[in-house]
Amino acid sequence: MHEPAIARLRAQDPDIAGLVEAEARRQFEKLRLIASENYVSPAVLEATGSVLTNKYSEGYAGRRYYEGQQNIDPIELLAVDRAKQVFGVEHANVQSYSGSPANLAVYLAFLEPGDTVMGMSLPMGGHLTHGWSVSATGRWFRPVRYGVREDTGRIDMDQVRDLARAERPKLIWCGGTAVPRTIDFPAFAEIAREVGAVLAADIAHIAGLIAGGAHPSPVGCADVITTTTHKTLRGPRGAMIMSTAEHAKAVDKAVFPGLQGGPHNHTTAAIAVALGEAARPEFAEYARRVVANAKALAAALAERGFDLVSGGTDNHLILIDLTGKGVPGKPAAQALDRAGIELNYNTVPFDPRTPFDPSGLRLGTAAITTRGLTEEAMPQIAAWIDEVVQATAKEDEAVLARVAGEVRELMAGYPMPGWAPAP
Ligand code: DSN
């Protein structure tokens, strides 16, 4: 049973309703370890599915290009105020459609085409929009890229400093999509100041941990901070850009009218709801548990001989190099999915394989922590991953089917926000 209910959808469009129900059941039964995913609350779902989707609101509160903003303006102002409070920032823009558009707005606010941008290389753990070659950001700007040290798997701050001094980027990105260790925001800030670059922190993965006090904040270090709202922050699919007051105008102009038309007001309301949840003491406890679970899972995997990039984790994310297990990331991820364990194949630093068939697996604990799993469950999860990876090498489908049943049985004991099996 979906919550909020989808009875009218079922009556009017059983095809779509059936697929929504099937997806909900899939999310209920599986061990969801994709590091960028979560389960939102029913309140966030209700806001996302509200009549606010009917309204156009180009502009900002008090300065719109459409009439009828009596309720939209206070909703957006609430979202902005809550973002300012939760993250302790001077300015927040909550209109970006998602993470990539938010990052593009940073380029529009601070750079001209052809300017130099420095970001973490994608296969090392960065993001497409930090200047990777296939992204507009790597084609329209001049990218220079840093990575991690081969001996530690941690960001090579000497390389960051040397490259910045040599290339004088106008913009430096820190943050990424496969970074298992704490980002040293003060060190990045020192380098950016020295070379006169704008420092942008992309905290999409760790925003919830920062909000909950389980990761240091880039506030006071970064000039501009971007984040999606749907990963550890546990809100709807959307994004925010935060900055000092000095850059507020440039950021807002870049989002609208620079890149976008009307904001998605239903998403804005859901972001406000999620930020309200993130301000509660329970959320700090949630963030602490996400990290505790990731550390426990990393330790259990290491005990079973898995090679973890950087040797472990400080946050919600674990990156496994499967080379030593003799199985590439893609077949392992596909087998794990058949066994009820959902994660993604991923490049590892210095990967000799291709991004579409890489050596690694990326996993995270944000979603399973929302379901209520604790550190005690992590050795069992590591054991299942180990069994399935071994079964992949032997093409043993029977093991996968057995594990899928055991996973289903475990997850049946942990309620899912937004859906429950019919009584
Ligand atoms: N898709 C996001 C992630 O999985 O990390 C990045 O854009």
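As the structure lists them, so they are numbered: ligands from 1, and atoms in each ligand from 1.
- For His91 and His247, the gap between ring centers reaches or exceeds 6.0 Å.
- In terms of protein heavy-atom proximity, atom 7 (O) of ligand 1 is nearest to His127 NE2, 2.8 Å.
- Using modelled atom types and a 3.5 Å distance limit, the side chains of Ser310 and Arg181 yield a donor-acceptor pair.
- For the residue pair Asp202 and His130, a side-chain donor N or O sits within less than 3.5 Å of a side-chain acceptor on the partner.
- Taking the six-membered ring where the residue is Trp, the centroids of Phe185 and Phe188 are separated by 6.0 Å or more.
- Residue-ligand proximity, Ser36 to ligand 1, at heavy-atom distances under 4.0 Å covers atoms 3 (C), 4 (O), 5 (O).
- On a distance-only criterion, Arg362 and ligand 1 share at least one N/O pair closer than 3.5 Å.
- Distance screen at 4.0 Å: atom 1 (N) of ligand 1 has no protein heavy-atom neighbour inside the cut-off.
- For the ligand labelled ligand 1, residue His205 lies inside the 4.0 Å heavy-atom shell.
- Every N/O-N/O distance between Thr177 and ligand 1 stays at or above 3.5 Å.
- Side chain to side chain, Trp384 and Glu406 meet the donor-acceptor criterion of an N or O pair below 3.5 Å.
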